[in-house]
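Below you'll find the structure, written out as structure tokens, and then a few comments.
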Amino acid sequence: MYYLEILSGLWVGDAEIMNQDRFMRDNHIDIVYNCTDIYDFPACDITKIRLPFSSALGGENISLLQKNHRKITSHLHEHLTHSNVFIGCSDGKCVAPLIAAIYILHYGAMDPKSIYEML
């Protein structure tokens, strides 16, 4: 299991922790972004959003992110002020942190090098 709180209330992690109801309850997670096309959501009663990034490597993931990154980061920004958010992907170390980094780049006051070092 892999997980990390990137910012206060913004978590990233792998598919295994994403399905741990206790983790979601203990950390008061209100919204889960499931960035996989194959893993299930946790069974607990929270808002669930699927971002269907393919588990297979390929250009369609980059294309999906390029087309939707503003919508995704805007939605995150709207909800992070009053909700704890978890972004999960297969291994917790690729897509989920990338989305968190794009969010921080758009809404934070950090330069890309500092974001990279933080992650």
Any side-chain heavy atom of [X] sitting closer than 4.5 Å to one from [Y]?
X   : Y   : answer
L4  : I6  : yes
M1  : F23 : no
L76 : I87 : yes
T47 : V32 : no

State which residues pass salt bridge (Lys or Arg N to Asp or Glu O under 4.0 Å) with D45; sequence neighbours excluded, sorted by chain then number. none
Can a donor-acceptor pair be found, under 3.5 Å and without considering hydrogens, that links the side chain of [X] to the backbone of [Y]?
X   : Y   : value
S83 : L80 : no
R50 : C35 : no
D14 : I17 : yes
K93 : G13 : no
Q20 : M24 : no

Please report the interatomic distance [atom1]([X]) to [atom2]([Y]), rounded to the nearest 0.5 Å.
X    : Y    : atom1 : atom2 : result
L51  : Y33  : CG    : OH    : 7.5 Å
R70  : Q66  : CZ    : CD    : 12.0 Å
L7   : I104 : CG    : CD1   : 4.0 Å
I102 : T73  : CD1   : OG1   : 8.0 Å
Y2   : S90  : OH    : OG    : 14.5 Å
N27  : R22  : CG    : CZ    : 11.0 Å

If you compare all heavy atoms of [X] against all heavy atoms of [Y], which two are closest, and at what distance to 0.1 Å?
X   : Y   : result
D21 : A43 : OD1-N, 3.1 Å
A96 : C89 : N-SG, 3.4 Å
H82 : E78 : CE1-O, 3.3 Å
D40 : M18 : O-CE, 4.2 Å

In a check of side-chain contact (heavy atoms from CB on, under 4.5 Å) between L10 and each of N84, V85, I99, which one passes? V85
From L65, D37, N34, residue fulfilling side-chain contact (heavy atoms from CB on, under 4.5 Å) relative to F53: L65
Check the orientation of Y3 and W11. Use parallel for under 30°, tilted for 30 to 60°, and perpendicular for over 60°. tilted
Of all residues at least two apart in sequence or in a different chain, which pass the ring pair (Phe, Tyr, Trp, His ring centres under 6.0 Å) check with H69? H106
For Y107, check ring pair (Phe, Tyr, Trp, His ring centres under 6.0 Å) against everything at least two apart and list the hits. H77, Y103
Walk me through whether I31 and I46 qualify under side-chain contact (heavy atoms from CB on, under 4.5 Å). CA-CA 6 Å; I31 300 172; I46 56 178; over 6 Å; no
